[in-house]
Enquirer: 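Okay, handing you the structure first.
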2 protein chains.
Amino acid sequence: MAIEQSKSDISRTRILDAAAKTFRQKGYAATTLNEIAKAADMQAGSLYYHFNSKDELLEEVLDIGINRVHEAVEESQENMPADAPPYERIRAAVDAHLTTLLKHGDYTSANISIFTQIPEEIRQRQIPKRDAFSALWRRILSRAQKAGALRDDVDPGMVRMLLLGALNWSVEWYKPGKTSIHAMADHVCLMLLEGIGADEARRGTAADKEKVA
Amino acid sequence: MAIEQSKSDISRTRILDAAAKTFRQKGYAATTLNEIAKAADMQAGSLYYHFNSKDELLEEVLDIGINRVHEAVEESQENMPADAPPYERIRAAVDAHLTTLLKHGDYTSANISIFTQIPEEIRQRQIPKRDAFSALWRRILSRAQKAGALRDDVDPGMVRMLLLGALNWSVEWYKPGKTSIHAMADHVCLMLLEGIGADEARRGTAADKEKVA
DNA sequence: GTTATTTTCTAATGTTCATTAGATTATTGG
DNA sequence: CCAATAATCTAATGAACATTAGAAAATAAC
C-alpha cells in the first residue's frame with residue numbers, strides 16, 4: 001500500500017466532490033442528499049456511513065474550499081524571492097487566487113456562492129477562517145504599500161474588498177477557453193495598478209478636480 | 001383617492017418587501033412561505049390571494065431587482081449633459097449602481113445573490129434581462145472608449161465583468177455608516193481609471209516589461 | 001345598516017426530504 | 001476458504017413545507 005487510501009477514503013472523496021459540485025450549482029437547501037448520492041454512485045442512506053448529517057458534509061466542503069484558496073495564495077508568496085518587486089507579488093497572489101477559484105473550483109466556488117445561505121451556526125464557524133484569509137490579503141497589500149508601490153490616497157481596505165469582489169465574482173461568468181486564467185490575472189493586475197484611463201483622461205480628471213476646488 | 005392604492009396593493013407591496021428581504025438573507029429554497037408571511041404580518045395561506053405560487057413571488061422580486069438597477073443606471077446617463085466628460089459619465093453610472101444596490105437594496109441584492117440557485121425555468125427568463133443591463137454598461141464603456149478616455153490595451157469586456165463584480169460583491173460586505181456610498185463610488189472610479197500603483201511603481205513595471213522584452 | 005365583495009384565516013392534504021435501523025454485500029486478515 | 005470487519009443498500013419514520021378549500025372577518029357599495 002504505497003499510497004495509503006482505503007476504500008472508505010475513496011468514497012469519501014467521491015461524496016465530497018459530488019457535494020461540492022451540487023451545492024455550488026443548486027445552493028444548500030435545494031440540494032438533496034439523493035442528488036449528492038446519485039452523483040457519487042450511491043444510495044442516500046449510504047452517505048451516513050461517512051458523514052453524520054447533511055450539515056457536517058456541507059461544513060467539510062466549505063472548509064476545503066477556504067483552505068485551498070488560502071493555501072494557494074500563501075504559497076504564491078512563499079515561493080517568491082525575498083526581493084521580488086511588489087507588482088510581481090500581487091500578480092502572483094491574484095494568479096493563485098483565480099486559478100484555485102476557476103480551475104479546480106467546485107469547493108471554493110461553493111464556499112463563495114452559498115455562504116450567505118447556510119445555517120447560522122455553520123456560518124459563524126466559517127467567519128474566522130474567512131477573516132484569516134482576508135488578513136493574508138491585507139498583509140500582501142500592506143507590504144506593497146510599505147515598499148512605496150501604492151498610492152497613498154487610496155484606502156487599502158476598500159481596495160482589498162473591491163479586488164476580492166472582482167476576483168470572486170469571476171466564478172459567475174468565467175467560461176474556460178476564451179481567455180486563459182493567467183492572461184486574466186495579468187489583466188486584472190494591469191487594471192488594478194495602472195488603471196484603465198488613457199493619459200489624456202487622467203489629465204482631464206485632474207483638471208476637473210482643480211476646477212471644482 | 002388621490003393616490004390610487006387599494007388595500008390589496010398595500011398588502012402586495014408588504015409581501016414583496018418581506019419576500020425580497022428573506023430571499024436575500026436565506027436564499028430561495030431555505031425561505032418558507034411562513035417566514036415571508038410572518039414578516040408581512042400574515043398567515044402563509046393568505047399569500048395565495050396575491051400570488052399563485054412561491055415561484056411567482058420569487059420571479060416578481062427578481063424582476064423588480066433587475067429593473068431598479070437598470071433604470072437607475074439608465075437615468076444617470078440621461079440626466080447628464082451631452083458634453084459631459086467620460087469620467088463623469090462613468091462615475092455617475094457607478095454611483096447609481098451602488099446606490100441602488102446598497103441603499104434600497106433588498107430586491108437588487110436578492111437578485112444578485114440567489115440567482116444561481118433558483119429554479120431553472122425562472123433563471124432562463126431572467127437571462128435576457130441581465131443581458132440587457134449588461135449591454136447598457138457595455139454602451140457606457142464603449143462611449144468612453146470612443147471619446148478616447150480609455151487605454152486601448154485593455155479588454156472592455158473584461159473590464160466590465162471585473163467592474164460589475166467589484167460593485168455587486170459590495171452587497172456582501174458593505175455596512176452603512178463607515179463610508180458613504182458616494183465616497184465609495186468616487187473611490188471605485190479613481191481606482192478604475194487611474195489605478196492604485198504609485199508613479200514609481202508604474203515606472204518600475206514598465207522597466208520590468210522592457211527587461212523581459 | 002344591510003348586502004356584496006375583497007381580503008385574510010384556519011385547518012387539512014399530499015409531497016418531499018433528512019435521517020435511521022436492520023439486512024445485505026464487499027473486503028480484509030488469518 | 002473462513003470469519004470478522006467495513007461499506008452499502010433497502011425500506012420505513014417523522015418532520016417540514018407548499019398548496020388548497022372553505023370559513024371568517026374586513027371593507028366597500030348602496
Side-chain angles (χ1 to χ4, degrees), chain A residues 1-23 25-62 110 114 117-123, chain B residues 1-23 25-62 110 114 117-123:
Chain A
M1 290 181 198
I3 303 163
E4 186 69 55
Q5 203 176 28
S6 63
K7 183 180 185 190
S8 179
D9 287 340
I10 294 172
S11 294
R12 213 182 136 79
T13 304
R14 201 151 30 94
I15 294 170
L16 283 168
D17 286 349
K21 188 173 181 176
T22 317
F23 281 145
Q25 285 178 309
K26 306 235 178 165
Y28 166 68
T31 295
T32 70
L33 292 184
N34 238 313
E35 283 177 291
I36 295 178
K38 195 188 287 180
D41 261 310
M42 282 194 161
Q43 297 300 317
S46 310
L47 301 177
Y48 284 82
Y49 180 78
H50 301 276
F51 300 92
N52 291 318
S53 69
K54 186 183 177 185
D55 280 14
E56 195 178 300
L57 181 49
L58 168 69
E59 197 159 2
E60 188 145 347
V61 167
L62 295 174
I114 71 179
Q117 300 158 17
I118 59 182
E120 180 61 18
E121 198 192 323
I122 299 182
R123 184 171 26 204
Chain B
M1 290 181 194
I3 302 163
E4 185 70 55
Q5 204 175 30
S6 64
K7 183 181 185 189
S8 179
D9 287 339
I10 294 173
S11 294
R12 205 164 192 287
T13 303
R14 201 152 31 94
I15 294 170
L16 283 169
D17 286 349
K21 187 173 181 175
T22 317
F23 280 145
Q25 283 178 304
K26 307 234 178 166
Y28 166 69
T31 294
T32 71
L33 292 185
N34 237 314
E35 283 176 292
I36 295 177
K38 195 187 286 180
D41 262 311
M42 281 196 163
Q43 298 299 317
S46 310
L47 301 177
Y48 284 84
Y49 179 77
H50 301 276
F51 300 92
N52 290 318
S53 70
K54 187 183 178 186
D55 280 14
E56 194 178 300
L57 182 48
L58 168 69
E59 197 159 2
E60 187 144 347
V61 167
L62 294 175
I114 72 179
Q117 299 158 18
I118 59 182
E120 180 61 18
E121 199 192 323
I122 298 182
R123 184 170 26 204

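If you're wondering where the values come from, they're calculated on a predicted model, not measured in any experiment. Each chain gets a letter, A, B and so on, in the order its sequence line appears, and its residues count up from 1. Computed from heavy atoms alone, side chains included, the values below leave out hydrogens, waters and symmetry copies.
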Enquirer: Side chains of A/Thr32 and A/Ile36: closer than 4.5 Å at any heavy-atom pair?
Expert: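 No. Closest side-chain heavy atoms not under 4.5 Å.
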Enquirer: In terms of side-chain geometry, is the basic nitrogen of B/Glu35 or B/Lys38 positioned less than 4.0 Å from the acidic oxygen of its partner?
Expert: no
Enquirer: Donor-acceptor check, side chain of B/Ser46 to backbone of B/Met42, threshold 3.5 angstrom: yes or no?
Expert: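 Such a contact is absent between B/Ser46 side chain and B/Met42 backbone.
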Enquirer: With a 4.5 Å cut-off on side-chain heavy atoms, are A/Tyr28 and A/Pro119 touching?
Expert: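 When only atoms from C-beta onward are counted, A/Tyr28 and A/Pro119 do touch, with a gap below 4.5 Å.
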Enquirer: Salt bridge or not for B/Lys26 and A/Glu120, using N-O below 4.0 Å?
Expert: no
Enquirer: What nitrogen or oxygen pairs link the protein and nucleotides 16-22 of chain D at under 3.5 Å?
Expert:
| from | atom 1 | to | atom 2 | distance (Å) |
| --- | --- | --- | --- | --- |
| D/dA18 | OP1 | B/Thr31 | O | 3.3 |
| D/dA18 | OP1 | B/Lys54 | NZ | 3.3 |
| D/dA18 | OP2 | B/Leu33 | N | 3.0 |
| D/dT19 | OP2 | B/Tyr48 | OH | 2.5 |
| D/dT19 | OP2 | B/Lys54 | N | 2.9 |
| D/dT19 | O5' | B/Tyr48 | OH | 3.0 |

Enquirer: What is the distance, rounded to the nearest whole Å, between atom CG of B/Asp9 and atom P of C/dT6?
Expert: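 It is 13 Å, rounded to the nearest whole Å.
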Enquirer: Between B/Ser46 and C/dC9, is there a contact of a side-chain N or O with OP1 or OP2 at under 4.0 Å?
Expert: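 Answer yes for this pair, as a side-chain N or O of B/Ser46 is under 4.0 Å from OP1 or OP2.
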Enquirer: Round to the nearest Å and state the distance from B/Tyr49 atom OH to D/dA25 atom C1'.
Expert: 13 Å
Enquirer: Whole-Å distance between D/dA7 P and A/Leu47 CG?
Expert: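 Going from CG in A/Leu47 over to P in D/dA7 covers 14 Å.
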Enquirer: How many Å lie between CZ on B/Arg12 and P on C/dT6, as a whole number?
Expert: 16 Å
Enquirer: Is the shortest side-chain N/O distance from B/Ser11 to OP1 or OP2 of C/dT7 below 4.0 Å?
Expert: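 Answer is no, no contact under 4.0 Å.
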Enquirer: Taking the six-membered ring of B/Phe23, is the NZ or CZ of B/Lys54 close enough (under 6.0 Å from the centre) and on axis enough (within 45°)?
Expert: no
Enquirer: Could you work out how much the helix from C/dG1-D/dC30 to C/dG30-D/dC1 bends, comparing the axis of its first five pairs with that of its last five, to 10°?
Expert: 20°
Enquirer: In whole angstrom, what separates B/Ile10's CD1 from D/dA26's P?
Expert: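 It is 16 Å, rounded to the nearest whole Å.
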Enquirer: Within a strict 4.5 Å, meaning less than it, do heavy atoms of the B/Leu57 and B/Tyr48 side chains meet?
Expert: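 SC-SC contact between B/Leu57 and B/Tyr48 ruled out.
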Enquirer: Do B/Glu56 and B/His50 come close enough that some side-chain heavy atom pair is under 4.5 Å?
Expert: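 Not in contact.
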Enquirer: Rounding to an integer number of Å, can you tell me how far B/His50 NE2 sits from C/dT7 C1'?
Expert: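 Spelled out: NE2 on B/His50 to C1' on C/dT7 is 7 Å.
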Enquirer: Could you tell me how far apart A/Lys38 (NZ) and D/dT8 (C1') are, to the nearest whole angstrom?
Expert: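 Interatomic distance, NZ of A/Lys38 to C1' of D/dT8: 18 Å.
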Enquirer: Rounded to the nearest Å, what distance is computed from the CD atom of residue A/Gln43 to the C1' atom of nucleotide D/dA7?
Expert: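 Computing the A/Gln43:CD to D/dA7:C1' distance gives 13 Å.
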Enquirer: B/Asp17 vs B/Lys21, test: side-chain contact (heavy atoms from CB on, under 4.5 Å). Steps then yes/no.
Expert: CA-CA 6 Å; B/Asp17 286 349; B/Lys21 187 173 181 175; over 6 Å; no
